[in-house]
Q: 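Following this message is one structure expressed as structure tokens.
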Protein chains: 2
Amino acid sequence: MEINERTAHWTQTLQVSGYRLTAARLSVVNVIAASQKALNPMDAYLLARQECPGLGLVTVYRTLEKLEELGLVVRVHAPDGCGAYLSAAEGHEHLIICTHCQRAEYFAGDDLHPLMDRVAAEHGYQIQDHWLQLFGICPECRENS
Amino acid sequence: MEINERTAHWTQTLQVSGYRLTAARLSVVNVIAASQKALNPMDAYLLARQECPGLGLVTVYRTLEKLEELGLVVRVHAPDGCGAYLSAAEGHEHLIICTHCQRAEYFAGDDLHPLMDRVAAEHGYQIQDHWLQLFGICPECRENS
DNA sequence: TTTATTATTGAAAAAGATTATCATTATCAG
DNA sequence: CTGATAATGATAATCTTTTTCAATAATAAA
């Protein structure tokens, strides 16, 4: 999705959901929607402050919470931290994350449902969700090292 | 692996690695090695205190850190928390975790290497690691609800 | 066994990250 | 414009994890 399209979608969703469009909130929306990298609250705070100088870190936390609740962003879990956020995928996709710079991309994987059904049957679990994530070094970071 | 076999293996590995075998450390080893569930430091602390009453929470953190460094336990990441530890699998396997009770089991999945190679090629990432985790309700928790 | 070395311990404090409180401000419907 | 109130940012409070440090206990050497 185009960045402008994404920010438009997010602001509209916020508005439709009864949330107000404030300068602080929009600065966080812009930063996250435009980022190719998973950002933690402090990252997002430092970037968004360039657009909204008075911004408080607490507002970043609150905005991320709302965006997640609306399904617009997802929290990214990685070996070195679990507090970063990324624009949500369209449809369910899997993630590949750069362990150097947190650049993340979605990919459409194999259909895991046969596997999930098999494991569910063999172990007796009722499966609710799954994660498939790859970790590695992105092309850009490979060059810079 | 049998629990006794596992604790023997862990204590031996600790010793061979130059670590001392203390009552506090062994109580944590016993608790984690015997647990079917992923335990966070506080869980492990409360259980291990039954065997070693004077135990301090800090020692649990330190012991888990060493066990992880030796590859004997792994840190489990889940939507509701990323600080729990589980006995490591023998060989690389994937995880299925109960979102109610943290019971976790390993399973041998499909070979993901073809997928990983494809994604690596398409996105230009040099892949280092991957996670495949399923989340659901274990048989026991299903009965109790 | 006894002793010396030093890794380990637990308590307390510190640091970091996240959440709650609250008076002030700003958005938006009317 | 104006009023209702959602949202803000500063501060404080929580919670988790790490650091510090003197006392203790495990191990190797005598």
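Note: hydrogens, waters and symmetry copies are ignored here, and every other heavy atom, side chains too, is used. Naming: A, B, ... by sequence-line order, numbering from 1 per chain.
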Q: When the distance from CG of A:Leu64 to C1' of C:dA17 is rounded to whole Å, what number comes out?
A: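 So the CG-C1' distance, A:Leu64 to C:dA17, works out to 14 Å.
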Q: Hey, what do you get for CG (A:Leu134) to CG (B:Asp129), rounding to the nearest 0.5 Å?
A: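 Between A:Leu134 CG and B:Asp129 CG, I get 9.0 Å after rounding to 0.5 Å.
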Q: Among residues 18-43 of chain B, which ones have heavy-atom contacts with DNA chain D below 4.0 Å?
A: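 By residue number: B:Arg20, B:Leu21, B:Thr22.
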Q: Can you check the A:Arg62 CZ to D:dG9 C1' distance for me, whole Å?
A: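 Going from CZ in A:Arg62 over to C1' in D:dG9 covers 7 Å.
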Q: From CG of B:Leu55 over to C1' of C:dT9, roughly how many Å is that when rounded to an integer?
A: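 Answer to the nearest Å: 10 Å.
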Q: Let me know the distance between CD of B:Glu68 and P of D:dT18, rounded to the nearest Å.
A: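 Atom-to-atom, B:Glu68 to D:dT18, this comes out as 10 Å.
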Q: Please report, rounded to the nearest Å, how far the P atom of C:dA17 is from the CD atom of A:Glu65.
A: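 The answer, rounded to whole Å, is 18 Å.
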Q: Which is more 5' along DNA chain D, the nucleotide nearest B:Leu57 or the one nearest A:Lys66? Just name the residue.
A: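 Its nearest nucleotide being more 5', the pick is A:Lys66.
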Q: Just the rounded figure in Å: distance from P of C:dC28 to CD of A:Gln15.
A: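 In whole Å, C:dC28 P lies 6 Å from A:Gln15 CD.
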Q: Should the pair A:Arg6-A:Glu2 be classified as a salt bridge under the 4.0 Å nitrogen-to-oxygen rule?
A: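 Salt bridge absent between A:Arg6 and A:Glu2.
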Q: Can you name the closest pair of heavy atoms from A:Tyr106 and A:Ser87 and give their distance?
A: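 Minimum heavy-atom contact is OH-O, 2.7 Å.
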Q: Just the rounded figure in Å: distance from C1' of C:dA11 to CZ of B:Arg49.
A: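 That distance rounds to 12 Å.
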Q: Whether A:Arg103 and A:Glu140 form a salt bridge (side-chain N of Lys/Arg under 4.0 Å from carboxylate O of Asp/Glu) is what I want to check.
A: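 Yes, this pair counts.
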Q: For the CG atom of B:Asn30 and the CD atom of B:Gln50, what is their distance to the nearest 0.5 Å?
A: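 The CD atom of B:Gln50 is 12.5 Å from CG of B:Asn30, to the nearest 0.5 Å.
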Q: What closest approach, in Å, do B:Leu86 and B:Ala104 show between heavy atoms, and which atom pair accounts for it?
A: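 That would be CD2-CB, 3.6 Å.
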Q: Could you state the CG-P distance from A:Leu67 to D:dA7, rounded to the nearest angstrom?
A: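 Taking CG of A:Leu67 and P of D:dA7, I get 12 Å after rounding.
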